[in-house]
There are 2 protein chains.
Amino acid sequence: MTGIADVAALAGVSKATASRALSGSGYVSSAARERVLDAVDRLGYVPASNAVGLATGRTRAVGVIIPYVHRWFFAAVLEGIQQVFLDSGDDLLLYNAMPGSVGRALIFDDFLARKRFDGLVAVGLEPDDAELARLGALERPVVSVVGEAGPDVIAIDDVAAVTIAFEHLRALGHERIAFLGGGDPSRHWARVDRRRLEAFQALMRDAGLESAARHVPSAVDVAGGFAAATRLLTAPGPRPTAIIGTCDEVAIGAALAARGLGLSVPGDVSLVGIDDHELAVTFGLTTVKQSPFEQGARAARVMLERIAGRESLIEGPAECGLVLRTSTGPA
Amino acid sequence: MTGIADVAALAGVSKATASRALSGSGYVSSAARERVLDAVDRLGYVPASNAVGLATGRTRAVGVIIPYVHRWFFAAVLEGIQQVFLDSGDDLLLYNAMPGSVGRALIFDDFLARKRFDGLVAVGLEPDDAELARLGALERPVVSVVGEAGPDVIAIDDVAAVTIAFEHLRALGHERIAFLGGGDPSRHWARVDRRRLEAFQALMRDAGLESAARHVPSAVDVAGGFAAATRLLTAPGPRPTAIIGTCDEVAIGAALAARGLGLSVPGDVSLVGIDDHELAVTFGLTTVKQSPFEQGARAARVMLERIAGRESLIEGPAECGLVLRTSTGPA
DNA sequence: TTGAAAGCGGTACCAC
DNA sequence: GTGGTACCGCTTTCAA
């Protein structure tokens with residue numbers, strides 16, 4: 001292995017000078033610097049990161065703890081995070097902490113304790129108290145995307161998102177509106193999902209439409225939305241004229257269910273989601289768009305600030321806004 | 001920070017003994033071991049991994065280089081890999097190397113060169129020559145899942161998979177069969193996709209059905225399948241009675257296209273995919289199932305062997321087999 | 001502006 | 001069995 005000693009030797013300087021020349025800190029004559037840099041690429045020298053880490057106390061790595069990777073939202077967040085760290089030069093340690101899994105316990109009990117990172121980005125974590133304590137013990141910055149694992153949180157305003165969907169439907173004249181989601185039996189996404197449900201209920205109440213409100217709990221994925229919508233649309237009594245899905249996957253499930261039942265969208269029932277999932281365009285789904293990729297990137301940038309010891313503020317909630325497609329129409 | 005010196009002091013032994021007691025190598029009296037272990041959890045001692053790394057030359061981390069994270073297949077592989085490393089105790093470094101991106105170049109030029117891992121799992125990598133050279137320079141084991149970045153490759157046999165789909169359709173009496181995929185304009189998944197296309201063409205030829213074969217290139221996702229199927233099904237001339245999608249996402253796109261055109265599945269057209277995507281069941285898609293999660297897990301286990309210096313063999317291609325649902329029927 | 005040397009936190013060889 | 005000690009490769013005083 002070629003180390004900094006080799007570089008120093010080839011450049012005819014001491015290790016100390018070589019180190020300074022490379023880190024850019026401290027005085028080095030430009031002549032010396034030149035020779036060092038030259039030696040570096042003659043030898044193809046790459047600093048041993050654990051040696052650097054040992055000496056500086058910094059790891060130049062960031063941890064990302066995330067419940068799933070196979071859901072659209074999470075995958076996009078992860079890619080956004082990665083992109084920023086790719087050009088800050090930080091390595092990314094992945095911790096896939098599925099709620100309730102043994103793996104998750106291992107991560108909190110063992111992996112995080114090793115502190116192989118300078119900071120931790122928590123995505124949709126929804127930690128319990130014990131987990132929160134672990135995060136605190138880290139003594140390292142924690143930035144969250146959706147879910148509240150510390151002071152720095154990046155997420156859309158769920159109430160605002162639901163309000164946008166709701167008002168769009170109201171403007172089209174809908175009154176019998178249903179909400180799919182909230183109370184996912186598997187308890188994932190629980191907090192976000194519940195916030196959205198409560199926002200919906202409040203909105204209906206304030207509009208004097210409380211009795212026209214419907215709600216079917218749904219697992220937060222396509223199959224869940226399909227099942228929930230099937231129940232909703234085959235239930236006795238007047239059929240709702242519009243459905244809000246707690247996210248696009250649920251709304252897409254609802255679209256499939258409606259088609260399966262021979263119902264036309266938006267003729268018989270209008271559909272709105274939240275997300276702007278990659279499939280939303282294929283399904284013509286009207287939705288409240290958000291950008292998980294951008295949220296991940298923003299979280300990563302905030303993390304870089306925190307690691308650098310800067311306390312710059314987070315500038316408000318992440319953006320979201322209506323994207324009109326063909327799944328909504330007049331009541 | 002509490003180090004091994006503190007543990008040794010509290011246990012009343014030397015650093016050397018403490019180290020031995022913890023690593024389990026070398027002679028330590030059980031009395032001493034007991035006291036050390038005791039000290040460890042009184043102090044909540046966790047070894048500093050970079051110090052360990054410096055001293056041993058091992059990182060206790062594994063890199064995973066993967067083109068995407070937001071596709072079903074890749075996400076599942078990643079989760080499979082993570083699961084195994086979670087209980088081997090190895091950290092997982094993620095390198096999201098999207099083909100053609102600047103990030104990918106950075107990864108190959110800078111990140112990998114740091115060698116912060118004991119081995120690298122390459123998922124669907126399809127590296128070019130320069131990239132392959134970089135991997136070689138790593139001097140660390142490389143295990144691939146789909147794509148050929150070294151001697152150890154875990155993947156299904158694409159020819160076998162296509163043959164299964166083909167023979168299923170033939171048994172139902174289909175002759176005008178189309179293949180969607182192959183020649184993805186974005187050039188991702190290029191090798192796999194092409195292998196499947198060629199297998200299809202050979203099969204049709206051998207069955208004397210060459211002139212009944214159709215082929216429409218498709219991007220390897222739902223939107224791509226939708227577009228390709230729409231073209232195929234609205235083209236002049238006799239309509240194919242069956243379609244093989246290069247993967248389930250493409251086949252699902254085709255299902256949506258068929259419905260959009262008022263065609264019934266499988267009445268007017270039968271559909272088969274490859275994968276058993278999580279949406280396949282919702283769409284009733286008949287498919288050649290494979291398990292990317294299991295492939296990832298297997299790759300991780302092989303990696304553990306290689307890191308340990310063992311040369312155990314890979315036991316043949318990953319499994320795949322037909323899953324019958326409702327998207328295929330008699331010609 | 002530069003170099004010697006003392007760590008950083010472990011591991012492992014070697015003598016006792 | 002156990003302890004002293006020389007590294008692992010780099011950064012960072014401190015003195016020159």
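Letters go in sequence order (proteins before strands), and every chain restarts at 1.
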B:Asp109 and B:Arg134: CA distance, side-chain angles, deciding distance, salt bridge (charged side-chain N to carboxylate O under 4.0 Å, His left out) verdict: CA-CA 8 Å; B:Asp109 295 345; B:Arg134 296 283 194 190; 2.8 Å; yes
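- One can place CZ of A:Arg20 at 11 Å from P of C:dT1, the figure rounded to the nearest angstrom.
- Between A:Ser29 and the phosphate of C:dT2, there is a side-chain N or O to OP1/OP2 separation shorter than 4.0 Å.
- Rounded to whole angstrom, the span from the CZ atom of A:Arg33 across to the P atom of C:dT1 amounts to 10 Å.
- In terms of phosphate contacts, A:Thr17 brings a side-chain nitrogen or oxygen within less than 4.0 Å of OP1 or OP2 of C:dG3.
- Rounded to whole Å, atom P of C:dC8 lies 11 Å from atom CG of B:Asp6.
- Side-chain contact between A:Ile156 and A:Pro317 is absent, with no heavy atoms from C-beta onward closer than 4.5 Å.
- Projected onto DNA chain D by closest heavy-atom contact, B:Gly12 and B:Leu54 fall at different nucleotides, the more 5' of which corresponds to B:Gly12.
- In this structure, B:Arg42 pairs ionically with B:Asp38, as a charged nitrogen and a carboxylate oxygen lie closer than 4.0 Å.
- Considering only side-chain N and O atoms, A:Tyr27 lies nowhere under 4.0 angstrom from the phosphate OP1 or OP2 of C:dG3.
- Here the straight-line distance linking atom CD1 of A:Ile81 with atom CG of A:Leu86 works out to 12.5 Å at 0.5 Å rounding.
- Helix-axis bend for the helix from C:dT1-D:dA16 to C:dC16-D:dG1: the local axis fitted to the five terminal pairs at one end deviates from that at the other end by 40°, rounded to 10°.
- Of the charged side-chain nitrogens involved, none lies within less than 4.0 Å of a carboxylate oxygen, so that A:Asp118 and A:Arg60 do not count as a salt-bridged pair.
- Nucleotide C:dA12 holds its C1' atom 12 Å from the CD1 atom of B:Ile4, rounded to whole Å.
- We find that CD of A:Glu34 is positioned 16 Å from C1' of C:dT1, with the value rounded to whole Å.
- In summary, the side chains of A:Gln290 and A:Glu319 do not present any donor paired with an acceptor at a separation below 3.5 Å, with no hydrogens or angles considered.
- The distance from atom OH of B:Tyr45 to atom P of C:dG9 is 10 Å, rounded to the nearest whole Å.
- Distance, B:Met1 CE to C:dG7 C1': 15 Å, rounded to whole Å.
- Along DNA chain D, read 5' to 3', the first and last nucleotides having any atom under 4.0 Å from a heavy atom of chain A are D:dG9 to D:dT12.
- When heavy atoms are screened at a 4.0 angstrom cut-off, A:Ala16 is found touching base atoms of the nucleic acid.
- When side chains are defined from C-beta on, B:Val77 does not count as touching B:Phe293, because their heavy atoms never get closer than 4.5 Å.
- Within the nucleic acid shown, A:Ser19 comes within 4.0 Å of at least one base atom, counting heavy atoms only.
- For C:dG9, the base has no donor-acceptor partner in the side chain of B:Lys15 [N/O atoms by modelled type, under 3.5 angstrom].
- Geometrically, B:Arg104 does not engage B:Phe108 in a cation-pi contact, judged by NZ or CZ lying under 6.0 Å from the ring centre and within 45° of the ring axis.
- The 12-atom threshold is not exceeded at CG of B:Asp129, counting heavy atoms of other residues, nucleotides or ligands nearer than 6.0 Å.
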